[in-house]
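Along the sequence shown, residues are numbered consecutively beginning with 1. Below, all heavy atoms of this structure are taken into account, side chains as well, without hydrogens, waters or symmetry copies.
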Amino acid sequence: MSEWLQKAWYQPSVNPLLWLLLPFNLMFAILSYARRRLYKYGVKASYQIDCPVIVVGNISVGGNGKTPLVIALANYLKQQGYNPGVLSRGYGGESTAYPHVVTQDAIAQQVGDEPAMMKRRLSCPLVIDPDRVRGANHLVNTCNVNVIICDDGLQHYRLQRDIEIAVVDGARRLGNQQLLPMGPLREGPSRLSSVDFVVVNGDQAGPNEILMGLVPGQLVNIKHPSRTSGAHQLQAASISAVAGIGNPQRFFDTLKRQGISVTSQLAFPDHHQFDPSDIPEHTVVMTEKDAIKCCEFASDDWWYLPVTAQLPEQFLTSLITKLKQL
């Protein structure tokens with residue numbers, strides 16, 4: 001059912017069977033609208049943090065490329081002399097003590113796959129906490145950050161934000177443009193007009209949108225991270241591509257563009273907790289987010305392909321200008 005819904009959501013028109021979900025769609029729309037208005041007019045309390053808060057999120061479910069963007073922004077702000085901190089919900093992690101400061105050797109099962117992966121790419125503090133207000137205050141008061149990047153949470157209105165960045169999948173866009181569960185949207189398409197920046201991951205950007213590219217790096221061996229390989233050097237009789245992300249096809253297409261010929265493509269749900277039985281015994285190439293969950297049982301011929309967000313200088317300059325104004 002989940003796989004069918006994903007395919008139906010991202011068709012240009014509404015699948016006739018989805019109209020059966022219209023009552024739930026209307027209920028979701030009413031609740032979503034009411035909730036936002038309650039925060040806007042102060043009926044529900046929201047909290048201002050003692051430093052600028054940048055929220056990187058989306059209005060659709062599934063992976064749109066937020067994590068590479070958060071990493072790129074944090075590293076860029078560090079280069080510009082800021083002391084940034086990253087805040088994440090820690091989805092999928094089993095930690096019970098919050099706020100939780102993520103360390104370089106953090107285990108994905110404890111803190112979540114995305115925070116564990118991000119920390120390996122960052123030299124700034126990263127905190128996970130389902131209570132984003134509490135986590136944000138911890139970053140300011142304990143980690144001494146002067147700007148917070150919130151990974152996801154565009155709809156988490158309890159935490160006030162100064163800059164909103166919405167990420168859109170350039171290939172799938174907004175699908176059939178319907179709210180859940182008839183479509184993939186958490187908020188209506190008009191919500192994009194109220195954010196500060198709309199970043200499009202791949203393909204083409206429209207007017208007033210920023211195009212972000214994901215640049216693949218060298219293949220990294222999961223069991224022996226010091227070993228790397230160029231895509232053209234990966235020689236094997238059988239190669240399986242494995243992806244447990246919001247849009248697995250994007251990863252498979254990337255491998256093809258890199259010249260990696262795979263014999264099978266294995267797609268899993270986003271944030272899938274891998275078991276050794278999920279993965280074939282021959283050569284495997286997977287995403288970095290998936291690899292972080294497979295370190296303990298990886299074979300010698302399992303690899304991951306890291307990607308780095310490439311952003312226009314004009315966008316980065318505009319972001320710094322907004323921060324200085326704050």
Side-chain angles (χ1 to χ4, degrees), residues 1-10 61-68 71 91-94 105-121 169 171-172 201-202 214-308:
M1 176 62 76
S2 175
E3 185 177 349
W4 181 86
L5 270 177
Q6 287 279 343
K7 290 181 179 179
W9 282 347
Y10 287 103
V61 298
N64 288 354
K66 297 187 304 296
T67 302
I71 294 170
Y91 182 84
E94 298 174 354
D105 57 352
I107 301 172
Q109 284 75 10
Q110 183 182 23
V111 303
D113 49 15
E114 290 173 352
M117 186 200 85
M118 285 192 292
K119 185 57 185 176
R120 284 160 173 74
R121 296 274 208 108
D169 186 317
R172 301 188 300 178
N201 179 14
L214 297 181
V215 182
Q218 291 264 323
L219 288 165
V220 179
N221 189 272
I222 298 173
K223 190 173 183 178
H224 308 285
S226 60
R227 287 174 53 193
T228 60
S229 172
H232 63 283
Q233 296 172 318
L234 194 64
Q235 302 294 331
S238 183
I239 301 176
S240 289
V242 176
I245 56 176
N247 184 6
Q249 191 58 49
R250 177 181 290 279
F251 176 67
F252 300 147
D253 292 342
T254 299
L255 295 182
K256 185 176 180 180
R257 288 193 297 270
Q258 292 298 106
I260 300 176
S261 298
V262 301
T263 51
S264 62
Q265 298 177 350
L266 303 178
F268 294 86
D270 197 12
H271 302 289
H272 179 71
Q273 293 297 327
F274 286 94
D275 184 86
S277 61
D278 290 331
I279 304 173
E281 296 182 0
H282 50 254
T283 302
V284 168
V285 181
M286 60 177 60
T287 72
E288 186 174 4
K289 188 171 88 168
D290 295 322
I292 206 76
K293 293 174 285 190
C294 300
C295 298
E296 293 183 1
F297 53 84
S299 297
D300 287 332
D301 54 354
W302 290 11
W303 305 80
Y304 72 83
L305 183 69
V307 294
T308 301

*Asks:* Would you call Pro68 and Asn201 a side-chain contact if the rule is heavy atoms closer than 4.5 Å?
*Replies:*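 No, their side chains stay 4.5 Å or more apart.
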*Asks:* Which heavy atom of Leu234 sits nearest a heavy atom of Ser229, and at what distance?
*Replies:* N-OG, 4.0 Å
*Asks:* Which heavy atom in Ala108 sits nearest to a heavy atom in Ala116, and how many Å separate them?
*Replies:* CA-CB, 3.9 Å
*Asks:* Supply the atom-to-atom distance Glu288 CD to Ile222 CD1, rounded to the nearest 0.5 angstrom.
*Replies:*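 Result: 10.0 Å between the selected atoms.
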*Asks:* As an exercise, state the distance from CZ of Phe252 to CG of Leu266, rounded to the nearest 0.5 Å.
*Replies:*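 It is 7.0 Å, given to the nearest 0.5 Å.
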*Asks:* Check salt bridge (Lys or Arg N to Asp or Glu O under 4.0 Å) between Asp290 and all other residues, then give those that pass, not counting sequence neighbours.
*Replies:*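 With neighbours one apart ignored, the set is Lys293.
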*Asks:* May I ask you to decide if Ile107's main-chain N or O and Gln110's side chain share a donor-acceptor pair within less than 3.5 Å?
*Replies:*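 Absent.
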*Asks:* Does the pair Glu114/Lys66 count as a salt bridge with the N-to-O cut at 4.0 Å?
*Replies:* no
*Asks:* Given the rule in the side chain to side chain contact (heavy atoms under 4.5 Å, CB included) test, do Thr254 and Leu305 qualify, once you have shown the distances and angles that lead to the verdict?
*Replies:* CA-CA 9 Å; Thr254 299; Leu305 183 69; 3.9 Å; yes
*Asks:* Are the side chains of Gln249 and Arg172 in touch, meaning some heavy atoms are under 4.5 Å apart?
*Replies:*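 A side-chain contact is absent here, since even the closest heavy-atom pair is not under 4.5 Å.
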*Asks:* Minimum heavy-atom separation for Asn221 and Trp303, please, with both atom names.
*Replies:*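 In this case the closest contact between Asn221 and Trp303 is N-CE3, 3.3 Å.
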*Asks:* Decide if atom OH of Tyr91 counts as having more than 12 heavy atoms of other residues, nucleotides or ligands within a radius under 6.0 Å.
*Replies:*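 Atom OH in Tyr91 is not crowded, with 12 or fewer foreign heavy atoms closer than 6.0 Å.
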*Asks:* Could you please spell out the steps behind the side chain to side chain donor-acceptor pair (under 3.5 Å) verdict for Asp301 and His282?
*Replies:* CA-CA 7 Å; Asp301 54 354; His282 50 254; over 6 Å; no
*Asks:* Show, in sequence, the C-alpha distance, side-chain angles and deciding distance for Trp9 and Val61, and conclude whether the side chain to side chain contact (heavy atoms under 4.5 Å, CB included) test is met.
*Replies:* CA-CA 10 Å; Trp9 282 347; Val61 298; 3.6 Å; yes
*Asks:* Walk me through whether Val284 and Val242 qualify under side chain to side chain contact (heavy atoms under 4.5 Å, CB included).
*Replies:* CA-CA 7 Å; Val284 168; Val242 176; 3.8 Å; yes
*Asks:* Could you state the interatomic distance from OG1 (Thr287) to CZ (Arg250), rounded to the nearest 0.5 Å?
*Replies:* 13.0 Å
*Asks:* Using the side chain to side chain donor-acceptor pair (under 3.5 Å) criterion, which residues pair with Thr228? Sequence neighbours excluded.
*Replies:* none
*Asks:* Indicate the atoms forming the closest heavy-atom contact of Ala231 with Leu219, along with that distance.
*Replies:* CA-CD1, 4.0 Å
*Asks:* Does the side chain of Ser277 pick up a donor-acceptor pair with the side chain of Asp275 at under 3.5 Å?
*Replies:* yes
*Asks:* Flag yes if more than 12 heavy atoms outside Glu296 fall under 6.0 Å of its CD atom; otherwise flag no.
*Replies:*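 Not buried by this count: 12 neighbours or fewer within 6.0 Å.
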*Asks:* Within the supplied structure, the quantity of interest is the number of heavy atoms (other residues, nucleotides, ligands) at a distance under 6.0 Å from Leu214 CG; does it exceed 12?
*Replies:* yes
*Asks:* Ignoring hydrogens, what is the shortest heavy-atom contact between Phe274 and Phe297? Give both atom names and the distance.
*Replies:*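 The answer is O-CZ, 3.7 Å.
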*Asks:* Is Pro216 close to Arg257 at the side-chain level, that is, under 4.5 Å between some pair of heavy atoms?
*Replies:*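 Side chain of Arg257 against side chain of Pro216, heavy atoms only: no contact under 4.5 Å found.
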*Asks:* Is there a side chain to side chain contact (heavy atoms under 4.5 Å, CB included) between Ile279 and Met286? Walk through the geometry before answering.
*Replies:* CA-CA 10 Å; Ile279 304 173; Met286 60 177 60; 3.7 Å; yes
*Asks:* Minimum heavy-atom separation for Ala241 to Leu255, with atom names?
*Replies:* CB-CD1, 3.5 Å
*Asks:* Strictly distance-based, threshold 3.5 Å: is any side-chain N or O of Arg120 a donor or acceptor partner for the main-chain N or O of Ala106?
*Replies:* yes
*Asks:* So, applying side chain to side chain donor-acceptor pair (under 3.5 Å) with Asp113, which one of Lys289, Gln273, His271, His272 is it?
*Replies:* His271
